[in-house]
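So that the names make sense, note that chain A is the first sequence line, chain B the second, and so on, each numbered from 1.
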Number of protein chains: 2
Amino acid sequence: MTENLEDELRLSVMRLARRMRLERDDGDLPDHQLSVLFVLLREGPISIGLLSEHERVTPPSMNRTVNAMAQWGLLNRASASDDGRRVLVDITEAGRRAAGEIRRRRAAWFSLALRELSEAERGSLGEAAVLLQRLADS
Amino acid sequence: MTENLEDELRLSVMRLARRMRLERDDGDLPDHQLSVLFVLLREGPISIGLLSEHERVTPPSMNRTVNAMAQWGLLNRASASDDGRRVLVDITEAGRRAAGEIRRRRAAWFSLALRELSEAERGSLGEAAVLLQRLADS
DNA sequence: TATTGTTATACTCTATAACTATA
DNA sequence: TATAGTTATAGAGTATAACAATA
């Protein structure tokens, strides 16, 4: 792949992600809360400390975010049974619903956008999906 | 493309973009300032109002951000010659350097990640780049 | 004594409302 | 009178430092 194509790929991924992030309503959750919900969906119950590392914020900041979200019923806090210091955070049914709404909205937009492509082009993107996944994990 | 593949593509794009955004140092610009620089690079001189729409913040908020960035010499403010009310914001050489640094860091990481793929796989991604670009614009 | 989380405090970014300057 | 931007003020989100509880 030429360097130019590499840049084009990188930039288009960034811009497409931004475009998808914009598929939200005014009443939706703040970005950082939404991001926490997605982590919980992906990783399951997790401590405040790990959550703060994952989201690249300090533990006090994450603590505050988690408290706000617990007040809204989006997640639960519970002491870890094996270590009284740790707090395990888990998503609630309401949290799942909130995250699901955004996900559906993004998926709906994306589906429509994909229909503008040809069958062959969609096939190319299908091949690419698994590769992008691998890159994200590296 | 099956619905499942559609989801996989959407999620992998989001996650790869996040992974790339993380390629920054502590001393780097705040996200919203960086985002403004990227808009200026892409769109050239632009008014405060359009900039605030593009970044989805209110005009007073963007005004503040622009002032801070002007103080750091990252951009220039100038009245529009044809309309004394409008302010045209343009990136400076220092702004270009700051944006370029992040871009280089992301490009370097991405280059390394791509080397883990086969030649054929990189070819697939090359094809996909232009399609992702088109989706981002839709 | 080290680790996990919390409280106290301050700074930054954001928003709404009210204001100024220009059209 | 309408529009582009600014100032005033307040509400979130974040950070650092100091503290409490548990290991």
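One interatomic measurement links the two molecules: CD1 of A:I46 to C1' of C:dT4, which rounds to 14 Å at whole-angstrom precision. The CH2-P distance, from A:W72 to D:dG13, rounds to 11 Å in whole Å. Taking atom CG of residue B:N67 and atom C1' of nucleotide C:dC13, one finds them 14 Å apart after rounding to whole Å. The distance between atom CD of B:E53 and atom P of D:dG5, rounded to the nearest whole Å, is 10 Å. Distance, A:L51 CG to C:dT4 C1': 14 Å, rounded to whole Å. Between the P atom of C:dT14 and the CD atom of B:Q33 lies a distance of 9 Å, rounded to the nearest Å.
Using a 4.0 Å cut-off between a side-chain N of Lys or Arg and a carboxylate O of Asp or Glu, B:D28 and B:R105 qualify as a salt bridge.
Distance check: A:R122 CZ to A:E116 CD gives 9.5 Å after rounding to the nearest 0.5 Å.
Side chain of A:R19 to backbone of B:S138: a donor-acceptor contact under 3.5 angstrom is found.
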Just by protein heavy atoms under 4.0 Å, how would nucleotides 15-23 of chain C read 5' to 3' in B, S and -?
BBB----BS
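For the pair A:T65 and D:dG13, the criterion of a side-chain N or O lying under 4.0 Å from OP1 or OP2 is not met.
Heavy atoms of other residues, nucleotides or ligands lying less than 6.0 angstrom from CG of A:D26 number 12 at most.
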Does the side-chain hydrogen bond (donor to acceptor under 3.5 Å, both in side chains) test come out yes or no for A:R85 and A:S79, once each step is laid out?
CA-CA 7 Å; A:R85 294 170 305 181; A:S79 298; over 6 Å; no
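In this structure, B:R103 is positioned above the aromatic face of B:F38, its NZ or CZ under 6.0 Å from the six-membered ring centre and within 45° of the axis.
Of the residues in residues 23-31 of chain A, none has a non-hydrogen atom less than 4.0 angstrom from any atom of DNA chain C.
Minimum interatomic distance between B:M69 and B:Q33 (heavy atoms only, all atoms of both residues): CE-O, 3.4 Å. Nearest approach of B:L37 to B:G95, heavy atoms of both residues: CD1-O, 3.6 Å.
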